[in-house]
Structures are given as structure tokens and as C-alpha cells.
Amino acid sequence: MFTDEYFMKMALQEAEKALEQDEVPIGCVIVANNRVIAKSHNLTETLNDVTAHAEMQAITSAANFLGGKYLLNCTLYVTLEPCVMCSGALAWSQISKVVIGARDEQRGFINKGLSLHPKTEVVTGIMENECSEIVKVFFRNKR
């Protein structure tokens with residue numbers, strides 16, 4: 001059965017790929033009609049590009065797949081709450097739903113008082129512990 005947990009596990013697999021590349025382990029997938037149409041993980045170090053966040057990569061890939069810039073009737077699953085940059089891109093994409101694993105109290109868009117497109121549904125806390133732990137361990141090992 002296709003549940004939020006099912007697709008968040010896929011996003012976590014993307015985060016694991018980032019971890020293997022010594023990238024901040026954040027992953028995401030974009031789903032349309034229960035079908036994954038895009039997936040990515042952070043590539044900022046690999047591409048030497050501060051905008052190469054998992055969400056930005058997946059948004060571009062999904063738009064290319066769909067042949068248009070709007071992600072209507074799509075859901076983005078992301079392991080960590082999007083930053084301000086990514087939330088802006090998600091708002092412009094008019095994505096229908098965003099499912100967040102762990103909140104990012106410092107850099108996430110929610111505590112900054114920002115919102116996505118008015119019609120976008122936001123769900124938080126899906127597999128929160130697993131999504132939070134992979135990032136915590138990454139930064140613990142860096143320090």
C-alpha cells in the first residue's frame with residue numbers, strides 16, 4: 001500500500017546516498033498518482049553549488065518529466081524541512097502536498113513565518129526520528 005511512510009522510506013534512501021557522498025544527508029522524492037517521478041539528494045558539495053539542495057534537484061527533474069513548471073497533483077516527500085530557498089521554489093511550483101520527515105527549527109521555512117502556495121497541504125513528522133537521526137549523526141561526526 002502506498003502511504004506517506006512508504007514514500008518517506010524512499011526519501012531516506014536518497015538521504016543515505018547523500019551520506020555516502022559526504023553530502024548533508026537530505027533526500028526527497030516527488031510522487032504523482034502513486035508513481036515516483038523524481039528523486040534526489042543534496043548535491044551541493046558534488047556540484048559546488050549552494051542551490052543544489054535535494055528539493056531543488058527534484059523539482060527540476062519533476063518539471064522536466066511532466067513537461068511543465070507546475071507540480072499540480074504532486075507530493076514532495078523530504079527528510080528535512082525545506083529551507084527558505086526551497087520553500088520559495090515549492091511555492092512557485094504550486095505543488096499540491098509537501099510531506100516533511102523532521103523539522104529544521106533553525107533553517108526551516110516554518111519558523112521563518114513563511115508558507116508555501118495557499119493550496120499546498122503540509123504534513124510534518126512522518127518518520128521523524130529516522131529522518132532527524134541521520135542528520136544529527138552526520139553533523140556529530142563532522143565536529
Side-chain angles (χ1 to χ4, degrees), residues 1-139 141:
M1 171 116 170
F2 299 116
T3 63
D4 286 344
E5 289 79 10
Y6 175 84
F7 290 114
M8 189 59 75
K9 285 179 185 172
M10 288 184 173
L12 265 169
Q13 289 173 345
E14 286 296 311
E16 291 285 347
K17 290 179 187 176
L19 187 63
E20 291 168 11
Q21 294 175 282
D22 203 32
E23 297 273 1
V24 177
I26 299 169
C28 89
V29 298
I30 297 179
V31 176
N33 299 316
N34 287 323
R35 179 178 172 203
V36 174
I37 63 168
K39 58 185 176 178
S40 190
H41 52 275
N42 270 9
L43 291 168
T44 58
E45 300 299 326
T46 302
L47 299 178
N48 225 8
D49 180 355
V50 296
T51 69
H53 290 191
E55 301 95 322
M56 300 297 278
Q57 300 296 306
I59 290 167
T60 300
S61 181
N64 287 335
F65 178 86
L66 295 172
K69 62 184 177 181
Y70 297 117
L71 302 181
L72 303 172
N73 302 312
C74 293
T75 301
L76 176 134
Y77 293 86
V78 63
T79 57
L80 188 68
E81 178 183 342
C83 71
V84 171
M85 174 185 66
C86 293
S87 70
L90 288 166
W92 284 110
S93 79
Q94 299 183 24
I95 195 158
S96 298
K97 184 176 178 183
V98 173
V99 179
I100 299 166
R103 293 283 312 278
D104 185 345
E105 302 294 336
Q106 291 182 324
R107 294 180 179 241
F109 76 98
I110 295 171
N111 281 357
K112 303 284 187 218
L114 301 174
S115 59
L116 303 178
H117 188 272
K119 293 182 180 178
T120 301
E121 176 187 356
V122 177
V123 176
T124 61
I126 303 299
M127 297 183 65
E128 183 174 6
N129 291 338
E130 297 93 324
C131 292
S132 175
E133 191 61 25
I134 191 170
V135 175
K136 286 178 183 174
V137 168
F138 174 80
F139 283 111
N141 290 339

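For reference, positions follow the sequence shown, starting with 1.
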Main-chain N/O of [Y] paired with [X] side-chain donor or acceptor, under 3.5 Å:
| X | Y | result |
| --- | --- | --- |
| S96 | N73 | yes |
| H117 | K119 | yes |
| E23 | E45 | yes |
| S93 | L90 | yes |
| N42 | H53 | no |

Would you say D4 and K97 make side-chain contact, with heavy atoms under 4.5 Å? yes
Would you find more than 12 non-hydrogen atoms of other residues, nucleotides or ligands less than 6.0 Å from N33 atom CG? no
Can you confirm whether N48 is buried at CG, in the sense that more than 12 heavy atoms of other residues, nucleotides or ligands lie under 6.0 Å from that atom? no
Side chain to side chain contact (heavy atoms under 4.5 Å, CB included) between V24 and F139, intermediate numbers included: CA-CA 8 Å; V24 177; F139 283 111; 3.9 Å; yes
Side chain to side chain contact (heavy atoms under 4.5 Å, CB included) between V123 and V98, worked out: CA-CA 6 Å; V123 176; V98 173; over 6 Å; no
What are the two closest heavy atoms between [X] and [Y], and how far apart are they?
| X | Y | answer |
| --- | --- | --- |
| A38 | A62 | CB-N, 3.6 Å |
| A89 | M56 | CB-SD, 3.6 Å |
| E81 | I110 | OE2-N, 2.8 Å |

Indicate whether the side chain of Q21 and that of H41 have a donor and an acceptor atom separated by less than 3.5 Å. yes
Given E55, which of V78, I95, I30, T60 fulfils the side chain to side chain contact (heavy atoms under 4.5 Å, CB included) condition? V78
M8: which of Q13, E130, M127 passes side chain to side chain contact (heavy atoms under 4.5 Å, CB included): M127
Determine whether K136 and E133 satisfy the following criterion, salt bridge (Lys or Arg N to Asp or Glu O under 4.0 Å), listing intermediate values before the conclusion. CA-CA 5 Å; K136 286 178 183 174; E133 191 61 25; 5.2 Å; no
Please list, chain by chain and in numerical order, all residues satisfying side chain to side chain donor-acceptor pair (under 3.5 Å) with T51, sequence neighbours excluded. D49
Side chain to side chain donor-acceptor pair (under 3.5 Å) with D104: which residues, sequence neighbours excluded? none
Can you list the steps and then say if I134 with T79 is a side chain to side chain contact (heavy atoms under 4.5 Å, CB included)? CA-CA 9 Å; I134 191 170; T79 57; 5.7 Å; no
